[in-house]
Amino acid sequence: AAPIRLDGVSKVYDGDVVAVENLSLDITAGELVALVGPSGCGKSTVLRMINRLLEPSGGAIHVGDRDVMATDPVLLRRTIGYVIQHVGLFPHQTISANVGTVPRLLGWSKRRVADRVAELLELVGLDVETFGERYPHQLSGGQRQRVGVARALAADPVVLLMDEPFSAVDPIARGRLQEEFLRLQADVGKTIVFVTHDVDEAIRLGDKIAVLSQHATLEQYGTPAQILAE
Ligand code: ADP
Ligand code: ADP
C-alpha cells in the first residue's frame with residue numbers, strides 16, 4: 001500500500017468551470033478514505049486526477065514516491081486500480097477475460113493469468129467454475145460490480161480508486177457487497193479512496209472521511225467518530 005498526497009491541486013474545465021480549487025489532502029497508506037459531498041462538488045474529478053485520467057490544472061499529486069504527472073499512464077495503470085459506478089466491463093468478453101485484461105496487457109503467461117483470475121474471482125465471492133465463462137449481461141448488478149473490483153485488483157495495484165462503487169447495486173445486495181468489501185479491505189490492505197454522496201455509507205466504511213463542498217473545498221477530514229463529534 002502507498003500513501004496518496006495532493007498538494008494545492010486545482011482543476012478548471014473548459015468554459016472556466018472550477019471543479020477543484022487548491023485542494024491539499026494526505027491519505028495514509030493502507031487506509032480506506034471516503035470522499036463525500038453533494039453532487040457536482042468535484043469528487044469524481046479529484047479521483048480521476050489521482051490516476052491521471054484527467055490532468056490537473058495546477059498543484060502536485062504523489063502516489064507513494066511517484067509524481068503522478070511525471071509517470072507514464074500505462075505504468076500508473078499497474079499501480080492504481082480503478083472501479084467506476086457502472087463497471088465498464090467489456091460486454092463481448094467473458095468474465096474471466098474481463099478480469100484478466102491488465103495481466104494480459106502486462107504479457108503474463110496464459111497459465112499465470114488463469115490462476116490469477118481464479119484467485120481474484122474467489123476473493124470477491126464468485127466461483128470461476130460458475131461465472132468464468134459467462135458474459136457480463138448474464139450477471140446481476142452486484143455480481144458485475146464484484147467483477148469490476150476483481151479486475152481492478154488484477155495487477156495487484158498499490159492503490160484502489162472507486163467511484164460510487166455501490167450506487168448501481170440494488171439495496172439488498174448493497175449491504176452484503178459492502179460487508180464483503182470491508183473484509184476484502186482487511187485482507188488485501190490496500191489504500192482505497194472511494195467516492196460517495198451517501199454519508200451513512202462513508203461512516204460505515206471509511207477509516208477516514210473527507211467532507212467536500214463546492215470546488216472540492218475540504219470542510220472536514222477525520223475518522224467517522226471525529227466527524228460525528230464536530
Ligand atoms: P461530483 O463527482 O462531486 O458529482 P464532478 O467532479 O463530477 O463532481 O464535477 C465537478 C464540477 O465540474 C461540476 O460542476 C461538473 O458539472 C463539472 N464538470 C465535470 N466534468 C466536466 C467536464 N468534462 N467539462 C466541464 N465541466 C465538467
Ligand atoms: P483499454 O486499454 O482496452 O482501453 P480499459 O481502459 O478499459 O482498457 O482499462 C482496462 C483496465 O485498466 C480496467 O480495469 C480499468 O479499470 C483500468 N484502468 C483504465 N484506465 C486506468 C487508469 N488511468 N488508471 C488506472 N487504471 C485504469
Side-chain angles (χ1 to χ4, degrees), residues 4-27 31-63 68-69 71 73 76-77 79-89 141-142 144-145 148-149 151-152 157 159-171 174 177-178 181 185 190-224 226-228 230:
I4 301 171
R5 187 161 162 202
L6 285 76
D7 288 304
V9 171
S10 304
K11 178 66 189 183
V12 183
Y13 286 108
D14 290 344
D16 294 335
V17 179
V18 179
V20 176
E21 193 169 21
N22 196 25
L23 175 66
S24 294
L25 186 65
D26 267 317
I27 295 173
E31 278 188 348
L32 200 172
V33 173
L35 301 184
V36 62
S39 177
C41 76
K43 304 179 296 294
S44 300
T45 301
V46 170
L47 204 67
R48 291 157 62 86
M49 287 191 291
I50 295 173
N51 68 1
R52 226 183 145 184
L53 281 176
L54 281 176
E55 303 281 324
S57 310
I61 301 174
H62 285 81
V63 173
V68 164
M69 295 301 292
T71 306
L76 267 187
R77 226 178 249 208
T79 324
I80 302 175
Y82 182 56
V83 182
I84 55 173
Q85 187 173 345
H86 294 288
V87 180
L89 298 179
R144 278 200 294 271
Q145 206 60 20
V149 172
R151 183 169 73 173
V159 162
L160 193 57
L161 307 176
M162 315 220 305
D163 200 342
E164 305 247 0
F166 308 112
S167 59
V169 180
D170 71 76
R174 189 179 304 152
L177 190 59
Q178 287 173 341
F181 179 68
Q185 151 75 353
K190 306 274 179 211
T191 310
I192 301 180
V193 185
F194 84 102
V195 161
T196 179
H197 58 261
D198 180 344
V199 179
D200 290 335
E201 184 172 282
I203 289 170
R204 191 137 26 98
L205 299 180
D207 293 319
K208 295 251 179 72
I209 301 174
V211 181
L212 303 175
S213 60
Q214 282 312 306
H215 312 309
T217 306
L218 189 59
E219 301 290 347
Q220 292 175 289
Y221 186 43
T223 63
Q226 286 168 338
I227 300 288
L228 289 170
E230 272 176 37

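Counting convention: from 1, in listed order, for ligands and their atoms alike.
Distances from atom 10 (C) of ligand 1 to the heavy atoms of A216, P38, G15, G40 show the closest one on G40.
A donor-acceptor pair under 3.5 Å links the side-chain atoms of D207 to the main chain of L32, judged by distance alone. Side-chain atoms of S10 come within 3.5 Å of backbone N or O of N22 as a donor-acceptor pair. Here the side chain of K11 pairs a donor or acceptor atom with the backbone of E55 at under 3.5 angstrom.
In this structure, the protein non-hydrogen atom closest to atom 8 (O) of ligand 1 is G42 N, 3.1 Å. When hydrogens are left out, the protein atom nearest atom 20 (N) of ligand 1 is Y13 CZ, 3.3 Å; that is the closest non-hydrogen contact. Taking atom 7 (O) of ligand 1 as the reference point, the nearest protein heavy-atom neighbour is S44 CB, 3.8 Å. Of all protein heavy atoms, the one closest to atom 16 (O) of ligand 1 is V17 CG1, 4.9 Å. Protein heavy atom in closest approach to atom 6 (O) of ligand 1: T45 OG1, 2.5 Å.
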task = Could you go through the side chain to side chain contact (heavy atoms under 4.5 Å, CB included) check for V199 and I227 one step at a time?
result = CA-CA 11 Å; V199 179; I227 300 288; over 6 Å; no
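For the atom pair OG1 of T196 and CD of E201, the computed distance is 4.0 Å after rounding to the nearest 0.5 Å.
A search for salt bridge (Lys or Arg N to Asp or Glu O under 4.0 Å) contacts involving E31 returns K208, not counting sequence neighbours.
Using a 4.0 Å cut-off to heavy atoms of S39, the atoms of ligand 1 that qualify are 4 (O). In the vicinity of A19, heavy-atom distances shorter than 4.0 Å reach the ligand 1 atoms 10 (C), 11 (C), 12 (O).
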